[in-house]
Amino acid sequence: MSSAKSALLTLHLGAFLMGATGLFSKIIELPAWDITGYRTWIAAVVLFAWVYWRERSIGLKSPRDYGRMLVLGVLLALHWVTFFYSMQVANIAVGMISLYAYPVVTVFLEPWIKRTKLDWRDVVSGFLVLVGIYCLVPEFDIDNNMTQGVIWGVISALTFAVRNLLLSYWFSDQTAARSMSYQVLIVALLMTPILLLSSHQPSTHDWWLLLCLGIVFTAFTHTLLGYALRYLKAKTVGLVACLQPVYAVIYEIAVLHTYPDWSTIIGGSIIMAAAIYESVREHNKATLIASIENSA
């Protein structure tokens with residue numbers, strides 16, 4: 001199996017697992033800031049231990065790489081913080097819709113950063129994803145305090161898109177686990193003051209859930225995403241990752257027994273169509289390149 005095909009399968013598995021992340025905000029009885037801090041510290045320890053065990057080294061190649069990793073870590077921290085904050089000042093619907101503007105942002109930013117040509121088909125796919133997300137949460141309303149939520153959500157989408165693009169551009173030859181370990185560590189360090197000042201303490205039940213969230217749904221899933229970014233375009237990763245709200249609906253049915261309405265079904269169908277189209281197009285492109293290389 002080629003690297004591109006393997007990355008595509010890895011990407012879909014990561015998106016499926018990431019869809020469950022929202023459940024932890026409901027079943028862990030801690031503020032979102034505390035959850036972010038604990039999950040990143042747990043993930044950082046696991047990732048660095050894994051990298052050292054597999055590669056016998058945790059260092060980066062050059063001093064410049066440490067500076068670049070710092071930039072990526074700050075962007076990831078800003079993404080997580082602004083995403084949660086957008087939901088706090090507005091609601092979950094605003095946070096979700098605003099965040100998933102990032103595939104559209106990626107489609108427009110990637111050609112500029114990598115000096116490639118903008119493909120109109122990617123633009124159409126990106127806007128279809130936004131339409132689908134809007135259908136998933138039709139109660140979206142920007143009146144009153146919603147405006148601030150949209151602003152913070154768009155900032156979250158922008159930072160996430162830029163982080164993904166820079167990660168694929170700067171560290172395409174870096175292992176996904178090593179790259180993610182440094183980014184998560186930086187987020188954890190930035191969140192440490194919040195943990196120290198927090199009046200909330202995790203219960204035994206919360207600790208088990210935090211361990212699961214930190215190991216499986218942070219360290220593992222984001223490593224999968226990082227691996228996919230090494231071999232696929234960031235816009236492909238962004239569009240396929242938009243399957244997460246659809247998977248989240250499946251998790252809600254299975255765990256919380258909440259059933260979707262027709263707007264959710266229609267929105268999910270649009271998102272899946274755009275993601276499947278982008279995946280098939282990337283698969284066909286990878287197959288063509290592989291056949292040309294084999295015949296050469």
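All values derive from a computational prediction rather than experimental measurement.
Atom CE of M180 and atom CG of L76 lie 5.0 Å apart (nearest 0.5 Å). Atoms CZ and OG1, from F160 and T82 in turn, are 11.0 Å apart once rounded to the nearest 0.5 Å. Atom CG of residue L47 and atom CD1 of residue I42 lie 12.0 Å apart, to the nearest 0.5 angstrom. Rounded to the nearest 0.5 Å, atoms SG (C212) and CD1 (I27) are 8.0 Å apart. Between atom OG1 of residue T40 and atom CD1 of residue I35 there is a gap of 11.5 Å, rounded to the nearest 0.5 Å. Taking CG from L13 and CG from L224, the interatomic distance works out to 5.5 Å, rounded to the nearest 0.5 Å.
Under the 4.5 Å side-chain contact rule for hydrophobic residues, W50 and V45 do not share a cluster. No path of Ile, Leu, Val, Met, Phe, Trp and Tyr side chains, each step under 4.5 Å between heavy atoms, connects V162 with L70, placing them in separate hydrophobic clusters. Hydrophobic cluster membership differs between W152 and V74, with clusters built from Ile, Leu, Val, Met, Phe, Trp and Tyr side chains linked at under 4.5 angstrom. In the hydrophobic clustering of this structure, V71 groups with L158; members are Ile, Leu, Val, Met, Phe, Trp, Tyr whose side-chain heavy atoms approach within less than 4.5 Å, directly or through other members. Both F48 and L72 are assigned to one and the same hydrophobic cluster, defined by single-linkage of ILVMFWY side chains at heavy-atom distances under 4.5 Å.
The shortest heavy-atom contact between R39 and F217 is NH2-O, 3.8 Å.
Relative ring orientation between Y66 and Y182 is described as perpendicular, the plane-to-plane angle rising above 60° on a 0-90° scale split at 30° and 60°.
Put simply, the residue from R68, Q183, M69 that forms a side-chain contact (heavy atoms from CB on, under 4.5 Å) with L167 is Q183. When each of I194, L197, L195 is checked for a side-chain contact (heavy atoms from CB on, under 4.5 Å) with W33, only I194 meets the rule. Screening T159, L75, L190, V187 for a side-chain contact (heavy atoms from CB on, under 4.5 Å) involving W80 leaves a single residue, V187.
A donor-acceptor pair under 3.5 Å is formed between the side chain of S181 and the backbone N or O of R178. In this structure, the side chain of T218 does not engage the main chain of A43 through any donor-acceptor pair within 3.5 Å. Of the possible polar contacts, none joining the T221 side chain to the G14 backbone as a donor-acceptor pair under 3.5 Å is found.
Around atom CZ of F220, no more than 12 heavy atoms belonging to other residues, nucleotides or ligands sit under 6.0 Å away.
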### Task
Dump the intermediate steps for side-chain hydrogen bond (donor to acceptor under 3.5 Å, both in side chains) on T192 and W41, then the final yes or no.
CA-CA 9 Å; T192 296; W41 270 116; 3.0 Å; yes

### Query
Should I28 and H205 be marked as a side-chain contact (heavy atoms from CB on, under 4.5 Å) after you check the CA-CA gap, both sets of side-chain angles, and the distance that decides it?
CA-CA 8 Å; I28 297 178; H205 179 68; over 6 Å; no

